[in-house]
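As C-alpha cells, the structure follows; a few thoughts come after it.
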Amino acid sequence: MSVTLECILIIFIIALIIMMVILCIYLSKLIEQTTDTMKSLQELTDLAKKELEPALKSMNNVLKTVDNVSIATNKQFDTVKKILTTLLGASCVALTNVRNKGGFFSGLVSGFKLFKKRR
C-alpha cells in the first residue's frame, strides 16, 4: 500500500472512531432525557390520580343523591297522578250527573255524594 492510502485509511478510522464516540454520547444523553421524561410523566399521572380520586368519589355520591331524589320525585308524581285520576274521575261523574239532571247545583251535590261513597 502506498503512504497516501495508509494516511487516508488512518484518517478515516480516526474520523469513524470520533463519530462513534459522538454517537454514543448522543445516545446516552437521549436515553437520560427519555428516562427523565418518563419519570416526569409517571409523577404527573400519579398526581392526576391522587387529585381525581376524591373528585370521582364526590361525583359518585352526587349521582347517588340525584338518583335517590329522582326516585322520590317519581314516587311523588305517581301519588299525585293517582290523586288526580281519582279526582278527575269523580268530577267526570259529577259533570255527567249535571247533564242528566239538568241543574248545576244538583250535579255538584251528586258529585260530592259519589266522592263520599268512594272513600
Side-chain angles (χ1 to χ4, degrees):
M1 269 202 233
S2 69
V3 176
T4 333
L5 186 59
E6 286 179 6
C7 285
I8 291 174
L9 282 175
I10 289 174
I11 292 172
F12 178 71
I13 290 173
I14 290 173
L16 189 62
I17 289 172
I18 290 172
M19 287 180 158
M20 292 295 284
V21 168
I22 291 172
L23 184 64
C24 287
I25 291 171
Y26 173 75
L27 286 177
S28 66
K29 293 286 184 179
L30 180 67
I31 290 171
E32 181 182 344
Q33 287 179 354
T34 305
T35 304
D36 290 343
T37 304
M38 290 299 156
K39 285 180 184 176
S40 298
L41 186 63
Q42 183 65 38
E43 289 174 2
L44 179 66
T45 55
D46 289 343
L47 180 66
K49 182 181 176 185
K50 287 178 185 175
E51 292 295 323
L52 286 178
E53 279 181 353
L56 290 176
K57 287 180 182 178
S58 175
M59 181 71 81
N60 193 12
N61 289 337
V62 167
L63 289 175
K64 285 180 183 177
T65 305
V66 167
D67 187 42
N68 290 338
V69 167
S70 173
I71 289 170
T73 305
N74 284 339
K75 287 180 183 178
Q76 292 297 324
F77 277 129
D78 288 342
T79 305
V80 169
K81 187 173 143 184
K82 288 178 185 176
I83 291 170
L84 287 177
T85 304
T86 305
L87 288 177
L88 289 177
S91 62
C92 287
V93 170
L95 288 175
T96 307
N97 286 336
V98 167
R99 286 188 204 141
N100 291 338
K101 293 186 179 180
F104 176 75
F105 186 73
S106 61
L108 188 62
V109 170
S110 63
F112 281 125
K113 287 180 183 177
L114 287 173
F115 186 73
K116 285 182 182 179
K117 286 181 184 177
R118 287 190 177 202
R119 284 188 175 193

- Message: Please enumerate all residues that pass side chain to side chain contact (heavy atoms under 4.5 Å, CB included) together with Ile11, with sequence neighbours excluded.
- Response: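 Result, side chain to side chain contact (heavy atoms under 4.5 Å, CB included) vs Ile11: none returned.
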- Message: Applying side chain to side chain contact (heavy atoms under 4.5 Å, CB included), can you list everything that pairs with Ser70, at least two apart in sequence or on another chain?
- Response: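 Here the qualifying residues are Asn74.
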- Hydrophobic cluster (4.5 angstrom, side-chain heavy atoms) - remaining members for Ile22: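 For the cluster that includes Ile22, the remaining residues are Ile10, Ile14, Ile18.
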- Query: Using a side-chain heavy atom cutoff under 4.5 Å and only I, L, V, M, F, W and Y, what cluster partners does Leu63 have?
  - Reply: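 Taking Ile, Leu, Val, Met, Phe, Trp and Tyr as members, Leu63 shares its hydrophobic cluster with Met59.
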- Rounded to the nearest 0.5 Å, how far does CG of Leu9 lie from CG of Leu16?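 With rounding to 0.5 Å, CG (Leu16) is 11.5 Å from CG (Leu9).
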- Item | CG-CG distance between Leu56 and Asn61, expressed to the nearest 0.5 angstrom |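 Taking CG in Leu56 and CG in Asn61, the distance rounds to 11.0 Å.
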- Task: Sorted by first residue and then second, give each side chain to side chain donor-acceptor pair (under 3.5 Å) pair with at least one member in residues 35-57; sequence neighbours left out.
- Result: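 Found Gln42-Asp46.
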Side-chain donor-acceptor pairs of residues 25-32 under 3.5 Å, sequence neighbours excluded:
{"unit_1": "Ser28", "atom_1": "OG", "unit_2": "Cys24", "atom_2": "O", "d": "3.3"}
{"unit_1": "Ser28", "atom_1": "OG", "unit_2": "Ile25", "atom_2": "O", "d": "2.7"}

